[in-house]
Amino acid sequence: MLHKRTRRTIALSITAIAVLIAAVATWLIRQRLGHASMATGWTLLASVGLLMLLGLRKKLVMLPILPVRVWTQFHIYTGLFALAIYLMHVPVVIASGFFESTLSLLFLSVAGSGLYGVWISRRGAKRLTAIAGEYRFDRFGWHRRTIADRASEIVTKVGQTGDVPVIAKFYRERLQHYFSTRPSLAYVLVPTSHRKRRLLTELGELDRYFASNVKQAAGRLAALIRNRDDLDYHYATQLRMRMWLAIHIALTVAMLVFIVVHVLMVLRFQGA
C-alpha cells in the first residue's frame, strides 16, 4: 500500500499530464484551423459523464466495483481535469448572454462546491478524530437531552445538601439555556469554542464561593460543558457536510439540464 501523500502526488501528476496532453491537442487543432471548441466540448461532456459515476457507484453498493473511497478520489481528480478543460473550452471564464452565462456560473459553482467539499471533508475528518465521541446524526437531539438532564440532576442533588444559591443561580442564568438548546446557525457555519471557554471561566471564578461538595458538582458541570461543546462541534461538522452535499447535488442537476440543452443547440447548429 502506498502512503497517502504518495498516492496524492501520483494522482496529481497523472491529472497534470492529462491536462497537458489536452492543452497540446487543443493548440494543434487551432493551429490547423480546426474546431478546438468542439474537441474540448466533447471532452468536457465525457468528463462530466465520468463524474456522474460516483453517484451511481454509491447506489450500487452490492457490486464489488472498487471501494467508494477509490471512486471518490477518481471523482476529485476528474473534477480537476474537467475544470481545466472548461478553461480551454470557453473564450472567457463567464460567457455573455443569459443562457451561456448561467451555464458558466452553474459549472463554476459545481466546481467550487466540489473543492469546498474536499476541503471540509478532510479538515472535518482531522478535527473530528481529535475530538472525543462518535455520534450518529439522528441521535444528536437525544445526546443533548441526556447532557441537559445530567446537569439538572447535578444541581438538584447539590441543592438537597444545603444552601447553594450561587451555583443554582449560575445554572439558571448561564447553563440551563446552553444545555437545553441546539447550536445557533452562526455556530454551525463557524464553530468556535468561545462560549465553552467563557462558561468555564465564569464557573471557575465562582469557585471561591463553593463548599467542597459544591466544588465537586461544579467540576462535573464543567465536564458536561466540555462534553456539550464536543457534541456541538460534531453536529456542526456533520450538518455542514450534509448541507454541502445537498447544494452540490442541486447545482449538479441544474447544470446537467443546461448542458443537455447546450449540446442539443450545438448539434442543431451543426446540422443547419
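Keep in mind that this is a model prediction, so the values were computed, not measured.
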Straight-line distance of [X] [atom1] to [Y] [atom2], nearest 0.5 Å:
X	Y	atom1	atom2	answer
Tyr178	Asp229	OH	CG	4.5 Å
Phe258	Phe107	CZ	CZ	15.0 Å
Arg242	Ile247	CZ	CD1	14.0 Å
His75	Leu50	NE2	CG	11.0 Å
Tyr233	Thr192	OH	OG1	10.5 Å
Lys215	Leu206	NZ	CG	12.0 Å

For this session: Could you give me the CA-CA distance, side-chain angles and deciding distance for Arg136 and Trp142, then say whether side-chain contact (heavy atoms from CB on, under 4.5 Å) is met?
Result: CA-CA 10 Å; Arg136 281 173 38 185; Trp142 180 84; over 6 Å; no
Are [X] and [Y] joined in one hydrophobic group, where the rule is that I, L, V, M, F, W and Y side chains link up if heavy atoms are under 4.5 Å apart?
X	Y	answer
Leu51	Val263	yes
Ile94	Val90	yes
Val93	Val48	yes
Met243	Phe137	yes
Ile120	Leu115	no

Kindly indicate whether the side chain of [X], heavy atoms from C-beta on, has any atom under 4.5 Å from the side chain of [Y].
X	Y	answer
His89	Thr43	no
Thr40	Tyr86	no
Leu199	Glu202	yes
Arg220	Leu224	no
His143	Tyr235	no
Val266	Met38	yes
Trp27	Met88	no
Tyr135	Phe140	yes

Exercise. Going through the checks in order, is the side-chain contact (heavy atoms from CB on, under 4.5 Å) test met by Ile225 and Phe179?
Worked result: CA-CA 8 Å; Ile225 292 172; Phe179 286 133; 3.8 Å; yes
Looking only at heavy atoms, which two atoms of [X] and [Y] are closest? And how far apart?
X	Y	answer
Ser109	Leu251	CB-CD1, 3.9 Å
Arg226	Leu200	NE-CD1, 3.9 Å
Tyr187	Ala236	CE2-CB, 4.0 Å
Ala218	Leu203	O-CD2, 3.4 Å
His248	Val110	CE1-O, 3.3 Å
Leu83	Ala111	CD1-CB, 4.1 Å

Exercise. Got a donor-acceptor contact below 3.5 angstrom from the Arg240 side chain to the Val188 backbone?
Worked result: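 Indeed, once roles are kept as given, a pair shorter than 3.5 Å links the two residues.
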For this session: Look at the side chain of Ser152 and the backbone N and O of Ala148, then say whether any donor-acceptor pair between them is shorter than 3.5 Å.
Result: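 Side chain of Ser152 to backbone of Ala148, a donor-acceptor pair under 3.5 Å: no, none is there.
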Exercise. Under 4.0 Å between a Lys/Arg side-chain N and an Asp/Glu carboxylate O for Arg228 and Asp232?
Worked result: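 Judged by the 4.0 Å cut-off on N to carboxylate O distance, Arg228 and Asp232 do form a salt bridge.
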For this session: Please report the C-alpha distance between Arg197 and His194 in whole Å, then the side-chain angles of each, then the deciding distance to 0.1 Å, and finally whether the side-chain contact (heavy atoms from CB on, under 4.5 Å) criterion is met.
Result: CA-CA 5 Å; Arg197 292 198 297 267; His194 295 329; 2.5 Å; yes
For this session: Show your reasoning for whether side-chain contact (heavy atoms from CB on, under 4.5 Å) applies to Phe98 and Thr102.
Result: CA-CA 6 Å; Phe98 172 77; Thr102 303; 3.8 Å; yes
Exercise. Is the number of heavy atoms from other residues, nucleotides or ligands under 6.0 Å of His262 NE2 greater than 12?
Worked result: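 Open.
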